[in-house]
Enquirer: 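A single structure is presented below for examination.
Only heavy atoms go into these numbers, but all of them, side chains included; no hydrogens, no water, no symmetry mates. Please read all numbers here as calculations on a predicted model, not as lab measurements. Numbering of ligands and ligand atoms starts at 1, following listing order.
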Amino acid sequence: MFQDRDNMRKAGVGTERKERASHLSREIRKKRSKLMERLIVCASILAAAALIIFGIVRAFIFIGGLMDEDFQFSYTACEGWSECDSISAVDEDYAIGIQYPLINDKTDGTVKKHAKAMLKSFKKEIKRYEHGNGEDRAVYTASYSIVKNSDIYVSLLYTVHRYNPARELDDIRYIAKIYDISTGKEVSARKIFNVRYPALVSGYVTSILKADARYAHETGTKLFIENTKPDIDNFSNIGFSEDTLTVYFSAGDIFPSDIGELKVDVPLSRVHESMLLNITDYSAPVYDPDKPMIALTFDDGPLKATTSKILDTLESVGGRATFFIIGNRVNAQKEMIIRGDSLGCEYGNHSWSHTDLSVLSEAEMLEQLKKTDDALYSVIGKKCALTRAPYAAISDAMIKAADTPFIGWSVDTRDWETRNAASIKEKILGNVSDGDFIVMHDIYTATAAAMEEIIPQLAAQGFQLVTVSELMEARGIPLTPGKVYRSAPR
Ligand code: ZN
C-alpha cells in the first residue's frame with residue numbers, strides 16, 4: 001500500500017498535488033499558530049499570576065522587614081529641605097533601605113541614581129558573603145545628613161549601618177557626596193582640589209591622629225600608613241561646613257574595625273591654597289600662621305560708648321577681637337554687633353544676664369546660653385561658637401551639657417578692678433607673648449582708652465590681633481565642646 005501511494009506520487013498529478021500540499025500545510029500552520037497563540041496566552045496568564053504571587057510574597061517579606069524594624073532611618077535636613085524619599089530591597093538574604101534627600105528638580109535625578117547604585121553595590125557585597133535566610137539576613141540602612149554650603153553646593157553624608165550576622169559584621173560606613181545643585185552634578189575631590197591637596201590634607205590628618213591619645217598607638221600600622229599617605233583617593237570621602245573640611249573614615253579604613261568609624265575636621269585654612277572650587281564661599285585667613293599672634297578678648301559688652309572706640313582702634317590696624325557678650329544687651333546694641341561682625345570680630349556667649357551659671361539648674365543654665373545665642377542669631381545669623389562663664393565659674397554639669405568650648409585667659413589685665421589705662425597697659429605690654437588670650441571688659445572708659453595706645457603698639461611689635469577661633473585654627477588645635485582653653489602657644 002505504501003508502495004502504491006509512492007508510485008502514484010511518483011507518477012504525479014502535477015500542479016494539483018502541489019496545491020493540495022500547500023493547502024494542507026496552510027491548514028497545519030493555521031492550527032499551529034492558533035495553538036501557539038493559546039500557549040502564549042496561557043503562559044502570559046501564568047507569568048502574570050506568578051508575578052502577582054511573587055509581588056505579594058515580596059510585599060509580605062518587605063512589610064515583615066519593616067515590622068522587624070529593619071529600617072530605622074534618621075536624617076537631618078537643612079532648612080527648606082525637609083523632604084526625603086527612600087528606596088529599599090528585601091530578600092531572604094538581605095533587607096536594604098536607603099533614605100535620600102529631595103533637593104531640587106535638577107539634582108534629584110542624580111541623587112536617586114546614586115542611591116540606586118549604592119543599593120546595587122550593597123546587594124553585591126552581601127551576595128559575596130555567606131547567604132543569610134530570613135532571621136539572620138543582612139540589614140543595611142543608610143540615613144543621611146545634608147549641609148547647604150552655598151547657593152551652588154551641598155554636602156551630603158550617608159551613614160550606612162551594615163549589619164550582617166552571617167559575617168558577624170556590625171559597623172558604620174560613611175559615604176559622602178558633594179553636589180552642584182545648579183547643574184545637578186556630583187563634584188568630586190579631584191574637581192575641588194589641585195595636586196597639592198593630598199600632601200596638605202595627609203599632613204594635617206596624620207598629625208592630628210598621632211597627637212590623639214585614643215588613636216596614637218594605631219598610627220604605626222601598615223593599614224594606617226597606606227591609607228593616609230598623600231593620595232587623593234585616601235581623602236576623597238569628604239564634606240564641607242563653613243570653614244571646615246571633614247574627612248570621613250569608615251570602620252576598618254585606617255584603624256582596625258573595632259575602633260569604628262571616625263571623622264577628622266580639617267580647617268579650610270590648612271588646605272585652601274589647593275582649592276580650585278570654593279564650595280563654602282570661604283575667605284582665606286587674613287593672618288600669617290607663621291607669625292606671632294594674640295587674641296584680645298572683651299567681656300560684658302557691648303556698650304556703644306566704649307565698644308565703638310575699641311572697634312575703631314582695631315579697624316585702624318586691621319585687627320580683630322573676640323567679644324563675650326551679655327545676651328540682654330544685644331537688642332539695644334545691634335549696631336555694635338553688626339559692625340564688629342563686619343570687621344571679622346567674633347562673638348562668644350557670656351550668659352544672658354551675667355549670672356553665675358555654675359549654681360543654676362541645667363535647664364536654667366542652658367536657657368541663659370540659648371537666649372543669648374538666639375539674640376545674636378537674630379542680628380547676624382550666627383550663634384556663639386565659644387562660651388566664657390561669668391566669674392569663670394564652670395561646674396561639671398556645665399562641662400557635660402556644653403555644646404561649645406569654654407574660653408579662659410592667660411593674661412589678666414584686672415581692668416574691672418583698677419579701671420586705670422596705665423595699669424592695663426603695663427599688664428599687657430610687659431607680659432604678652434605669642435598665643436596668649438588677654439581678658440578685658442569693653443564697658444570701661446579706661447579700657448577703651450588703654451586700647452587706643454596698646455593696640456597700635458602690639459601691631460608694631462609684630463603681633464597679629466586675631467580672634468580666639470582664628471588663633472586656635474592657626475595652631476591646629478581643635479575646639480572641643482566642654483573643654484577649657486586658656487591660650488594657644490605654638
Ligand atoms: Zn563678665
Side-chain angles (χ1 to χ4, degrees), residues 294-311 314 320-334 336-337 340-341 345-360 364-376 379 382-395 397-399 401-421 423-424 427-428 431 436-451 454 467-469 471 479 481-487:
I294 50 176
L296 301 177
T297 70
F298 298 93
D299 298 357
D300 297 1
L303 188 65
K304 190 175 178 184
T306 40
T307 308
S308 65
K309 273 193 184 152
I310 294 169
L311 290 174
L314 283 167
R320 294 166 301 289
T322 301
F323 293 88
F324 290 95
I325 55 172
I326 305 291
N328 68 20
R329 288 179 179 266
V330 171
N331 225 7
Q333 303 289 339
K334 281 183 188 163
M336 287 299 100
I337 298 273
D341 182 56
C345 291
E346 172 180 37
Y347 293 105
N349 204 323
H350 198 46
S351 84
W352 176 256
S353 56
H354 207 274
T355 186
D356 182 349
L357 300 176
S358 69
V359 298
L360 299 183
E364 287 168 333
M365 183 266 292
L366 290 174
E367 197 199 351
Q368 281 274 331
L369 298 176
K370 188 180 181 301
K371 273 174 83 176
T372 305
D373 266 344
D374 291 348
L376 182 68
V379 180
K382 296 176 190 170
K383 290 182 179 178
C384 299
L386 314 167
T387 300
R388 175 170 285 161
Y391 317 106
I394 303 171
S395 64
M398 285 164 70
I399 287 173
D403 57 1
T404 64
F406 292 103
I407 306 300
W409 54 82
S410 50
V411 174
D412 187 354
T413 61
R414 302 197 73 79
D415 62 338
W416 58 273
E417 194 178 50
T418 65
R419 314 257 182 118
N420 179 298
S423 162
I424 296 166
K427 286 264 195 302
I428 294 176
N431 282 316
D436 271 331
F437 297 174
I438 302 168
V439 62
M440 288 170 282
H441 299 79
D442 56 324
I443 52 169
Y444 302 126
T445 316
T447 304
M451 287 302 105
I454 295 167
T467 66
V468 169
S469 293
L471 183 43
L479 283 161
K483 257 187 144 178
V484 184
Y485 302 88
R486 295 187 179 86
S487 66

Enquirer: Quick check: closest heavy atoms across A393 and A389, and the distance to 0.1 Å?
Expert: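 Shortest heavy-atom separation between A393 and A389 comes out as O-CB, 3.5 Å.
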Enquirer: Flag H350 as yes if one of its N/O/S atoms falls below 2.8 Å of the Zn ion (ligand 1), otherwise no.
Expert: yes
Enquirer: Working to the nearest 0.5 Å, report the span between CD1 of I310 and CG of D442.
Expert: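 One finds 5.0 Å between CD1 of I310 and CG of D442.
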Enquirer: Using the side-chain hydrogen bond (donor to acceptor under 3.5 Å, both in side chains) rule, pick out the option among D415, T447, T413 that qualifies with H441.
Expert: D415
Enquirer: I need the L471 CG to I407 CD1 distance, nearest 0.5 Å.
Expert: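 So the gap between those two atoms works out to 10.0 Å.
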Enquirer: Any N/O/S atom of D299 sitting less than 2.8 Å from the Zn ion (ligand 1), backbone or side chain?
Expert: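 Checking D299: none of its N, O or S atoms is under 2.8 Å.
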Enquirer: Can you name the N/O/S atom of D300 that is nearest the Zn ion (ligand 1)?
Expert: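 Per the distance ranking, D300 contributes OD1 as its closest N/O/S atom to the Zn ion (ligand 1).
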